[in-house]
Every structure is written in C-alpha cells, then in structure tokens.
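Working notes for the structure below.
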Amino acid sequence: MEKVLLMDAKACTGCMQCEMACSYQTEGAFNPSKSRIKVFEFKEQSLFVPYTCTQCAEAWCMKVCPVDAISVDDNTGAKIVSNDVCVGCKVCTIACPFGTINYNADTGKVLKCDLCGGDPACVKICPTTALSFVEAGKEGLGKMREWAAKTEASLQTTQS
Amino acid sequence: MSWTGKILRVNLSKGTCESEPLNMEWAKQYLGQRGLATKYLVEETDPKVDPLSPGNKMIMATGPLTGTIAPTGGRYSVVTKGALTGAIACSNSGGFFGAELKNAGWDMIIFEGKSDKPVYLNVVNEKAELLDAGHLWGKSVWETEDMIRESGGDNDVRIASIGKAGENQLLLACIVNDKDRAAGRSGVGAVMGSKNLKAVCLRGTLGVKVRDGMEFMQATNAARKILADNAVTGEGLPTYGTQVLMNVINESGALPTRNSGDVQFEGASKIGGEAMHEIRKSDGKANLVSNSACFSCPISCARISQIDPEHFTVKGKPKYQKPSGGLEYESAWSLGAATGVDDLEALTYCNFVCNEQGFDPISFGSTVAAAMEMYESGKITDKETGGIALKFGSTEALVQIIEATAMGEGFGLDIGMGSKRLCDKYDNPEASMTVKGQEFPAYDPRGIQGMGLAYATSNRGACHLRGYTVASEVLGIPEKTDPLVTDGKAGLVKAFQDATAAVDSSGTCVFTTFALTLDDIAPQIAAACEGDWTADKLVEIGERIWNMERQYNLDAGFTGKDDMLPKRLLKDAAKTGPAKGLTSGLDKMLPEYYELRGWSADGVPSDDTKNRLAL
C-alpha cells in the first residue's frame with residue numbers, strides 16, 4: 001500500500017528535529033543544511049511550515065534526468081536518486097517546480113527525499129502531528145474530519 | 001566528538017579572529033558551556049577586573065550536546081563577569097544561535113579587549129571576520145537582525161545582538177538571539193556593549209557528529225519518550241508554557257507581590273497561562289497565538305503572543321501588533337505581580353519592548369517595583385521620575401517607565417542601574433529585593449523555604465535557575481518536600497545546584513529535568529562524547545563547577561556575608577496564604593549548607609574540598 005508524507009503546518013513548532021533526523025539518516029551527522037526536509041519560519045505570521053518532496057506521480061526530475069539516475073522505488077513510490085549513476089548535472093533541480101531536489105557540493109550528487117525506504121525518519125522523530133505518513137488516497141481525511149466537526153458544532157449552535 | 005575541538009578567539013582591541021584547539025583536559029573536567037567557559041574565564045582573567053573594562057572577557061559557549069538531536073540540544077551560555085553583580089555570570093539561552101555556532105565548527109567564542117568603534121562578528125563556518133557596525137549602532141535588536149540578514153543575503157543566518165539597553169550599558173541589559181530568546185541575566189548585554197560589539201552573526205553548515213550514532217539515537221529516543229509521557233514536559237509546558245506556574249505559585253502563597261510586600265497577588269489569574277488562552281472581548285482573539293520550540297526541543301514551551309491592536313500600548317504602532325515572543329512566568333510575574341499591574345496586554349507589550357531593546361524583564365520589573373515602593377513612601381518624587389506617577393498597580397506608569405528605560409532616557413537610566421544601586425542612591429537599601437546585586441525571580445522564600453537558601457547562595461546572585469527546589473517543594477519532582485519547613489533543604493539545594501550546573505554545561509535545557517534525571521542525561525553524553533560519562537561523574541562535575549564559581553566570587557571580593565537575603569524576608573512574616581506568619585528560615589539552613597558543601601563557617605571551600613574536586 002503506497003503511503004504519502006503529510007505535512008501539517010498548523011502543528012509544527014519549528015524544533016527542526018525532522019531536519020536533524022533526516023541529515024543523520026543520509027550524512028551520519030546532525031546537519032540541518034543537508035536535510036532534505038526543511039522547516040520554514042514565517043515569524044510575523046507565527047507560522048512554521050515543513051516542506052519536502054511530495055513524490056510527484058509524474059516526476060519531472062525523473063523525466064529530465066539525462067542518465068536515468070532517478071527511478072521509482074516499487075515498494076514506496078518514492079523517486080530515488082542512484083548516487084552511482086548521478087553525474088551532478090543539476091538539470092533535475094531546474095525541472096522540479098518545488099525546489100525539493102538540491103545539489104550537494106560535498107558529494108557532487110543531488111539530494112532528495114527517498115522516504116527512507118518506507119519508514120521516514122522525520123515522521124518518527126516529529127514530536128507533534130506536523131508530520132505523518134498516511135495511506136495514499138486518505139491525505140485529506142484529517143482535514144475533512146476537522147471541517148465535519150466544525151459543521152457539527154455550527155449546526156448545534158444554530159439549532160440551540 | 002561531540003566537541004568540535006575548536007575555539008574562536010576574537011580580540012576586539014586588535015581586530016583579530018583566531019582559531020585555537022579546545023583544551024580537552026578541561027573539557028573532561030568541566031564538560032562544556034557553563035562549566036568549561038567559566039574555567040576559561042577563571043584562568044584568563046582577574047576576578048577583580050571591572051566588568052565593563054576591556055580586561056573582562058565574554059565567552060559564548062556551547063555544550064557537547066548543542067547542535068545534536070538530543071532533546072533541547074540547542075542551548076548556549078554567555079559567561080563573563082556580570083555587570084549587574086560583579087560576580088560570575090552565566091546566562092543561558094535557547095533559540096537557534098547555539099546550534100548554529102556548533103554547526104559552524106566552534107565550541108565557543110572568546111571575546112577579549114574592546115573595539116575602538118562598533119563592530120559585529122560575522123562567522124561562516126571556519127571564516128570569521130569583524131565588520132563595521134556603525135550603521136547598526138542605535139538600532140534595536142529586531143532592526144539589527146533584519147538589517148544584517150538583508151545585507152548578507154543569507155536568510156539562514158542566526159544572530160545574537162544587543163539593543164539600545166546594551167549600547168547604553170544599562171546593568172540589566174541582555175543579549176538577545178533569534179529576536180526573542182535571551183541570555184538575560186546579570187547584565188551580560190552591558191558587557192557586550194562595553195566592548196563595542198553590536199552583534200554576532202553565524203552560519204554553520206558543517207554538521208555535528210557524535211561518537212556512536214546508533215547508541216546516541218537510542219539514548220536520545222529514550223529521553224524523548226520520557227519527556228513526551230511526563231505531565232509537565234509533555235502537557236503542561238507545551239500548553240501553558242512556564243506560565244502554568246502563575247496560579248500554582250500564587251496559591252502556594254509564594255508569589256512576590258508589590259516588591260515582596262505581599263506573597264499573593266489578587267490579579268494573578270488575569271496574567272497567568274490560562275488568561276493567555278482566553279478569548280478577548282475586544283477583538284475576539286486570544287493573547288496566545290501558538291507555542292514554538294527552540295532548536296531540537298520537543299517541549300515547545302515558548303509563547304508566541306499577539307497584542308490586541310486597539311490596546312493603548314500598541315495602537316498605531318504596527319511593529320508591536322505582530323505576533324512575537326510572549327510572556328513567560330518570570331516576565332509575567334516581574335512586570336505584573338511585582339508591580340501590582342494586572343493588564344495582560346500591557347505586560348505583553350512590556351515583554352516585547354524588553355526583547356526589542358534587549359533588557360531583562362525580571363530585573364527591570366523588580367527594579368520598578370522597588371521604585372514604586374519608594375515613590376509611594378515619598379523617597380522619590382515626580383521630580384526624580386520626571387512626572388511618572390510610579391504607583392503600584394499603575395499600568396500607565398509601567399508603560400511610561402519601560403519606554404524611558406528602553407530609550408535610555410530620564411528616570412529610565414536610574415531604573416537601568418538595577419534595584420540595588422537605585423535603592424542605595426535614594427537611601428532606601430532595604431527596598432531592594434536582591435542578592436549579590438541581582439533581583440529576585442518569581443518565588444517568595446517565605447512560602448518556598450528552600451528558595452531562600454537557593455537565592456542566598458546562588459553564585460550569580462538571586463536566581464531560580466541555579467537550584468530550582470520549587471520542583472520538589474511545590475511540584476513534587478523528584479519527590480515532594482514541604483515548602484514551609486527548612487529541614488532537609490540544605491541538602492536539597494546542594495543537590496539541585498550541582499545537578500543543574502552539570503545540565504547547564506551539557507548543551508541541553510534545565511527544563512528537561514522536570515522529567516529527566518542525570519541517569520537519563522548521562523547516556524546521551526556518553527554516546528556523544530569520548531570518555532566515561534555516568535550520572536555520578538556529572539554530579540561530581542556539577543559540584544566542581546559550583547565550587548569554582550564560588551572561589552571566583554570570593555576572589556572577586558564577595559564573602560559569606562553576601563549569602564544574605566533582604567531583611568524584609570527575614571523579619572516581615574507572610575500576611576496571607578499557606579505561609580501566613582512565616583519568615584524565611586535562612587539562618588537555620590545556611591550553616592548546614594556550608595557544612596554539606598565542605599566549606600568553613602564563613603563560607604570558604606576548605607582545602608580538602610578543593611583537593612577532592614581537583615580544583
């Protein structure tokens with residue numbers, strides 16, 4: 001069953017533990033600058049927004065790669081970069097509309113989220129519900145539930 | 001690992017930035033951050049130095065767990081001789097600055113000398129340089145951060161700076177990082193100002209490595225689970241922040257009110273954590289917008305607040321109408337209960353101003369409280385205050401005096417000296433609620449007896465964070481003791497002081513100790529660092545640090561006589577609440593404390609004690 005990494009900005013506190021878990025997974029060091037998930041702070045709106053690759057079904061990074069270094073992980077649906085094949089041409093970084101694939105100057109390869117083989121480290125470490133890994137097709141259920149609750153509450157108010 | 005093994009030494013007189021190896025012998029004995037930086041200060045400076053002279057040094061130091069995934073592993077400390085106190089100062093801050101320093105490859109930065117013109121330090125990994133700060137001088141902390149960030153073009157930098165308060169060398173000035181986290185106490189911002197150092201801007205992309213990654217993830221995951229499952233760190237602090245304490249401490253009869261004239265504040269429920277959640281009638285919103293986390297912190301106790309835009313303090317002033325760092329328990333108490341003001345929006349505004357211009361709300365509020373007492377008793381008049389009617393409970397007066405202090409104008413300059421100097425100046429020293437020149441925090445020693453001893457013996461002057469026996473006496477952590485008795489408190493204070501000194505040297509936050517013991521913290525350090533790290537060893541390190549700080553203060557000219565509380569707490573009994581009729585029993589606790597410490601009857605560490613601790 002394919003799963004999707006879901007990001008809920010409302011629940012994010014900006015602690016950056018996801019960035020450290022991610023960088024540890026790939027780099028063996030705690031280094032937010034090498035994390036594939038990023039938390040953006042919008043201080044004046046009091047908002048923290050986690051953001052990473054959402055694994056496009058039609059993945060432009062994969063389509064444009066001239067050496068076919070990006071492939072689909074059959075188990076997770078993740079688009080993964082083969083470091084053995086990647087030549088560091090960076091064309092994928094141009095193609096990606098979201099900026100979630102980036103060049104790592106230390107290795108000469110590109111970095112993107114690979115869903116950690118189906119058990120994302122960022123989700124495991126997240127101390128709130130900001131990051132979750134949910135069944136594909138059910139991404140919106142949480143929001144639907146929230147709205148359902150709001151509707152229910154307003155109905156109650158109207159009727160009383 | 002997990003020290004970077006490198007120190008950045010910045011000589012402001014010469015304008016040089018040099019790298020040198022960390023003394024690893026000292027790291028093994030003093031761990032990091034508070035302990036290790038104090039060791040450097042002790043070895044490199046004269047304890048009798050004028051804190052605001054070029055001879056004083058200022059150290060920004062991380063701990064071995066700073067910059068790691070260890071829960072709350074983002075702390076850094078500023079260690080120097082305190083401008084407010086003349087004692088050893090160690091002010092600890094969260095946010096993201098400490099982790100960035102570690103990621104840039106430095107365990108600490110030692111600032112020495114004095115620049116002949118305003119400068120700021122810019123660090124990008126191994127590259128460090130002093131840059132002109134002429135255009136930043138006179139700017140607030142908020143403006144300084146924005147201007148540096150915009151000029152450098154790198155949005156990911158982390159900045160610590162002083163505002164006008166630090167530039168004016170107000171003795172209650174602090175150093176603010178990430179706009180609303182602060183190394184707040186003892187006047188460390190004045191020391192930075194005296195060196196003409198406006199800011200430190202950091203960018204680090206090198207990463208932090210630990211000795212054994214698998215072991216480290218296991219140890220930190222175990223600690224993370226304990227924190228999540230604990231009622232205080234998993235629920236109370238995320239929901240209400242430290243403000244969870246306001247009503248609890250008020251009910252305990254230990255909320256210092258109107259300059260410690262009372263121990264309970266009738267307006268407490270209006271300024272506490274619950275009140276911050278209440279929907280305002282005026283604009284249909286709550287004061288509290290959300291909570292937020294410091295680097296690597298799963299607790300997220302920090303408050304983000306937004307003031308009612310129609311409130312008189314912010315009307316027509318858009319910069320204060322945005323969400324920003326809200327009230328903590330200490331600031332709500334000092335700005336509120338201590339002054340008798342119960343207007344939550346006004347207190348939030350005052351807190352914003354403290355962050356904006358960089359001064360300590362605890363010392364400020366407490367000093368204003370002393371001034372209010374002197375105003376009401378006629379010791380100071382409108383002539384001195386410039387017409388500000390400093391009466392207890394006056395919101396208008398509080399707002400006027402905080403603006404004057406922030407700008408360094410009029411009577412604000414007197415307030416900026418802190419309570420002790422203010423009360424000495426106006427010939428009313430008994431009105432000053434201080435120890436070693438530093439204002440009390442938010443716990444009355446009559447209602448929580450252990451805190452009286454903790455204040456009296458704190459090495460940086462009155463402080464709750466040097467030995468937080470409130471945890472035991474009120475919250476029952478690790479076990480409940482009776483707050484109204486003195487029996488057993490000497491041992492309790494010593495145990496808290498030693499453990500806290502170790503935690504403050506680790507790179508993690510002392511708030512973890514609501515849930516974690518040293519048995520939970522030691523495995524994290526052991527997995528991260530070379531060497532043998534056990535809970536017992538951490539206690540020994542904590543005790544070593546405590547005695548080193550004590551000896552520094554003795555060498556600076558303090559004596560056992562300075563381990564003293566204001567007469568009010570020793571003579572005037574609490575009027576209401578559970579402690580009604582009680583005074584502080586400091587005299588019953590202090591001799592036992594000295595004995596347990598292995599100090600002489602006048603408070604000097606014995607040779608045996610020093611030898612035992614390898615001092």
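Worth saying up front: this structure is predicted, and the values here are computed from it rather than measured. Residue numbers start from 1 in every chain, and the chains themselves are labelled A, B, ... in the order their sequence lines are given, proteins ahead of strands.
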- Message: Apply side-chain contact (heavy atoms from CB on, under 4.5 Å) to residues B:Ser292 and A:Phe48 and explain how you reach the verdict.
- Response: CA-CA 9 Å; B:Ser292 79; A:Phe48 300 96; 3.6 Å; yes
- Query: Has B:Lys225 got more than 12 heavy atoms of other residues, nucleotides or ligands less than 6.0 Å from its NZ?
  - Reply: no
- Message: Between B:Ser300 and chain A, with a heavy-atom cut-off of 4.5 Å, which part of the residue counts as in contact: side chain, backbone, both or neither?
- Response: side chain
- In Å and rounded to the nearest 0.5 Å, what is the NZ to CG distance from A:Lys124 to B:Asn221? 8.5 Å
- Message: I'd like to know which of B:Ile304, B:Val289, B:Asp156, B:Asn103 tops the heavy-atom pair count under 4.5 Å against chain A.
- Response: B:Asn103
- Based on non-hydrogen pairs under 4.5 Å, which of B:Ile69, B:Thr205, B:Thr220 is most in contact with chain A? B:Ile69
- Expected contact set for residues 17-40 of chain A against chain B at heavy-atom separation under 4.5 Å reads A:Gln17, A:Met20, A:Ala21, A:Tyr24, A:Gly28, A:Ala29, A:Phe30, A:Asn31, A:Pro32, A:Ser33, A:Lys34
- Message: Given heavy-atom pairs under 4.5 angstrom as the criterion, report whether the side chain, backbone, both or neither of B:Leu206 touches chain A.
- Response: backbone
- Note on the structure: Here the pair of heavy atoms bringing B:Arg224 nearest to A:Ile125 is NH1-CD1, 3.2 Å
- Task: Compare every heavy atom of B:Cys297 with every heavy atom of A:Cys15, then report the nearest pair and how far apart it is.
- Result: CB-O, 3.2 Å
- Picking from B:Ala228, B:Gly213, B:Gly74, which has the most non-hydrogen pairs under 4.5 angstrom with chain A? B:Gly213
